[in-house]
Every structure is written in structure tokens, then in C-alpha cells.
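Before any comments, here is the structure.
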Amino acid sequence: MAQISLTFDDNRLASLVIGHYDQNLAHLERRLGVLANANGNCVVLRGTPEATEQARRVLESLYEQVRDGAPLTPGDVDGAIQESAMQGVLFPAGETGAGEPATAGFEGVATRRRGFVKARNRAQDAYLRALKAHELVFAEGPAGTGKTWLAVGFAVSLLERGDVDKIIITRPAVEAGERLGFLPGDMREKVDPYLRPIYDALYDFMEARHVERGLTTGMIEIAPLAFMRGRTLTSAVVLLDEAQNTTTMQMKMFLTRLGEGSRMIVNGDPTQIDLPQGQASGLVEASRILQGVEGVGRIRFGEADVVRHDMVRRIVAAYDADFRARSAAQGPDGGPAGDRGRGRPRPEPRP
């Protein structure tokens, strides 16, 4: 067993790191299998040498975060744990001294409203690195993994730096056979219900007045996918959300809109396809066809990458396990796996 004592300079910031009723330390104990005792601005860690060293990196990372003025949420604690695990692989114990945090860490995006927002797991880190390295990025995975939220944050950061002139956000607005025409109001009012999660992310990364001004001036454009036809999108960040509900032709039309100085982000969940039975998903087809094409990045999120709430992660895992169990129990034609004669009619008994 090893023991490490940490003393933070600021009592107020130390209390934010420790959490209300020591909730952050309790979470750290559950995740890393250590014992953490707080006394004022001092924290004593006990456990295996590897676990206590990782816990030290986590607490120092969280302290740096609150010292920079960033808010601290339970998700940030999980993110710091995963980041410290990666740092431990890159910098094994002994290569960095006590009190000297490893320099490598997860990628992030910086916006005026949110400050510097870091990835919370390896998949999000790979996602942000792909967004910075490639002109076209496909992100596939279940709800709650931060695909759309991080994509909007990345788009806002490029806009604020002046790397692009506008943000274009679109998604297939025809679901379950319904069409936009039956909805009341103008085009923006018709599309709003479909794009509410993206609006929420915009307001999270930008001041409300800046969002409204951008929507008024066209610097931020919200449009259904059908309105992309015939356009060349230059000097823009183009985000296609819920891409699993595009057809193959819609996806090809969208991807060929890419113009000079632009970037495209395509997000979707292949397990949530609402297209008519038998119609191929444009996201699935594009991921297969463009695999290995230069300049195209592809990131896959799994159930372990859900960052909303532990209950969401457990729900996604339960549905995936049920789907795998039912698939294993059924044969290729949907019959029982143990039926050798599936797919062949049984002979009629002789009279």
C-alpha cells in the first residue's frame, strides 16, 4: 500500500475539487479503488502505488481546472480519471515527479463563453483530433456520447477565430413518412423541432444575442437537408446531424457540396435508423464507400463513451446486450438458431 498527501494552496478551490459532502472524493474512491480522506485543503490518498498516483493526477488536474475559473461537474471527474489513465500509459510512474503533472492530455476546444472544453474520454479525444486534422469527419455512436455537442463547439471555435465565415447546420427533416409541409410557420419554425438539440448546444457555446444575430445575418444557417441541393458551400463548417436517416443519394448530394476552405462533420447513430424498411442508410453506405479515402476521418463511439448520466450508459448497454442476444438466438432468416431445417418446408407425411 502507498500513501500520498496533497495540499492545495487555496481552501476555497480545494473545497470545489473535493465536492459537496466529499462527493468527488467518494466518486474517485469507487472508480480507482483508493481511500481518500480530506482535512481542509489537504487530501490523503491510500491504495496501490498505481491507483494513488492516478488519483493524484486526477485531483491536480481538477484543481487546475477550477483555478482557471472553469466549472466542475461530475462528468469532469470522470473525464479527468480517463485522461489520467492515458497519461499514466504515456508517462509511467517515476518519469514525472510528485506534484509535477504529465503534460500530455486530452484535446479540447476553446470558445469565448465556455472557455477551454476538454474531451472526457479517449473516443472524444480522438474525435476532436480528427476534427482538427481532417476536412470530412464521420462520427457514429449512441446518444449521449457528445458527438453533436462537441461538433458545435468545434464549429463555434473556428468561427470565432475567423477560420470560417459561417456555420451551416442541417439534418434530414423527414422522419417516419412525415414531411415539413404539414408543420405550421415559416421554414425556421418548421425545422426548429428537429434541430432543438443543436440550438441548445449553440446557446451553450455562444451568448444568446450572438446566436440570434448570427441567425439573422446568415452567419449561422439552419436548413433541412433538401435545401443543400445545387449549392457549393465555401469557407464554412457544415454539420449534418442524425445522418443515419439520410438515403444514399441524399448523402452523396450532401458530401459533394463541400467547397474550398470548408469542413464537414457527419454525425449519426446507425442503430436508430427511421428510414422505411429495406432502404439503405446513407451514413452506413458512405462510411463503407469512403473508408481509406485521404482526408476523411471516422470515429466510432461505444456504450462506454456515454457521458450524460450513468443511467444512460446502463440503458444503452442493456439495449445493446438484448439486441445481441436476440440476434444470436435467431438464424439468418429470423428462425431459431437451433433449427437445422430452417428455411426448408417440411415434407408432408405419407398417407
Side-chain angles (χ1 to χ4, degrees), residues 30-31 75 78 82 120-124 126-127 130 137-151 171-179 193-198 225 240-252 254 265-292 296-349:
R30 290 192 300 269
R31 290 292 304 276
D78 281 323
Q82 294 214 26
R120 289 184 175 178
N121 51 50
R122 290 175 181 267
Q124 287 191 353
Y127 184 37
V137 175
F138 290 90
E140 304 172 28
T145 51
K147 304 183 302 296
T148 300
W149 194 78
L150 285 177
R171 66 175 287 182
V174 179
E175 298 181 3
E178 297 174 346
R179 298 184 178 275
Y194 296 93
L195 296 169
R196 180 48 50 189
I198 296 178
L225 181 59
L240 173 58
D241 202 37
E242 300 291 340
Q244 75 275 3
N245 289 327
T246 61
T247 65
T248 301
M249 293 307 297
Q250 284 177 328
M251 179 62 74
K252 181 180 178 182
F254 172 77
I265 309 169
V266 181
N267 292 336
D269 181 2
T271 67
Q272 297 288 332
I273 298 174
D274 297 318
L275 293 171
Q277 187 71 23
Q279 190 166 21
S281 167
L283 174 63
V284 176
E285 291 292 297
S287 297
R288 177 183 60 82
I289 294 171
L290 300 180
Q291 188 172 4
V296 178
R298 183 183 181 187
I299 302 297
R300 282 187 172 179
F301 293 86
E303 63 188 47
D305 302 315
V306 175
V307 294
R308 281 182 182 165
H309 190 286
D310 283 342
M311 181 60 71
V312 176
R313 185 183 293 113
R314 293 194 291 269
I315 290 171
V316 172
Y319 270 93
D320 286 348
D322 177 73
F323 176 78
R324 289 192 295 268
R326 286 188 290 107
S327 298
Q330 293 179 349
D333 62 344
D339 185 3
R340 295 187 200 175
R342 63 175 180 269
R344 297 193 302 269
R346 293 183 178 181
E348 293 290 333

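Being a predicted model, the structure only gives us computed values, none of them experimental.
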> Sequence neighbours excluded, which residues qualify as ring-ring contact (aromatic ring centres under 6.0 Å, His included) partners of Phe254?
Replying inline: none

> Do you know which two heavy atoms are closest between Gly282 and Met251, and how far apart they sit?
Replying inline: O-CG, 3.6 Å

> Taking Lys147 for the side chain and Phe301 for the main chain, is one N or O donor matched with an acceptor at less than 3.5 Å?
Replying inline: no

>> Quick one, Thr246 with Arg171, criterion side chain to side chain contact (heavy atoms under 4.5 Å, CB included). Give me CA distance, side-chain angles, the key distance, then yes/no.
In response: CA-CA 8 Å; Thr246 61; Arg171 66 175 287 182; over 6 Å; no

>> Set out, in order, the CA-CA distance, both residues' side-chain angles and the distance that settles side chain to side chain contact (heavy atoms under 4.5 Å, CB included) for Asp322 and Arg326, then state yes or no.
In response: CA-CA 6 Å; Asp322 177 73; Arg326 286 188 290 107; 2.8 Å; yes

>> When you compare the side chains of Thr145 and Asp305, does any donor N or O come within less than 3.5 Å of an acceptor on the partner?
In response: no

> Looking at Ala130 and Val137, what are the two nearest heavy atoms and their distance?
Replying inline: O-CG2, 3.5 Å

> If you take all heavy atoms of Gly141 and Asp269, which pair is closest and at what distance?
Replying inline: O-CB, 3.2 Å

> Going from CG on Leu225 to CG on Asp241, what distance comes out if it is rounded to the nearest 0.5 angstrom?
Replying inline: 11.5 Å

> Taking side chain as C-beta onward, heavy atoms only, is Leu240 less than 4.5 Å from Asn267?
Replying inline: no

> How many angstroms lie between atom CG of Leu150 and atom CZ of Arg120, to the nearest 0.5 angstrom?
Replying inline: 9.0 Å

> Taking side chain as C-beta onward, heavy atoms only, is Thr248 less than 4.5 Å from Ser281?
Replying inline: no

> So how far is it from Glu303 CD to Thr271 OG1, rounded to the nearest 0.5 Å?
Replying inline: 11.0 Å

>> Is it the case that the side chain of Asn245 and the backbone of Ile273 share a donor-acceptor pair, with hydrogens and angles ignored and the cut-off at 3.5 Å?
In response: no

>> Between the side chains of Arg298 and Glu140, is the shortest nitrogen-to-carboxylate-oxygen separation below 4.0 Å, so that they form an ion pair?
In response: yes

>> Using a 6.0 Å cut-off, check whether atom CZ of Arg300 has over 12 heavy atoms from anything other than its own residue.
In response: no

>> Has Tyr127 got a side-chain atom pairing as donor or acceptor with Ala139's backbone, closer than 3.5 angstrom?
In response: no

>> Less than 4.0 angstrom from a charged side-chain N to a carboxylate O is my criterion; do Asp78 and Arg31 meet it?
In response: yes

> Does the side chain to side chain contact (heavy atoms under 4.5 Å, CB included) test come out yes or no for Leu290 and Phe138, once each step is laid out?
Replying inline: CA-CA 10 Å; Leu290 300 180; Phe138 290 90; 3.8 Å; yes

>> Determine whether Gln244 and Leu275 satisfy the following criterion, side chain to side chain contact (heavy atoms under 4.5 Å, CB included), listing intermediate values before the conclusion.
In response: CA-CA 8 Å; Gln244 75 275 3; Leu275 293 171; over 6 Å; no

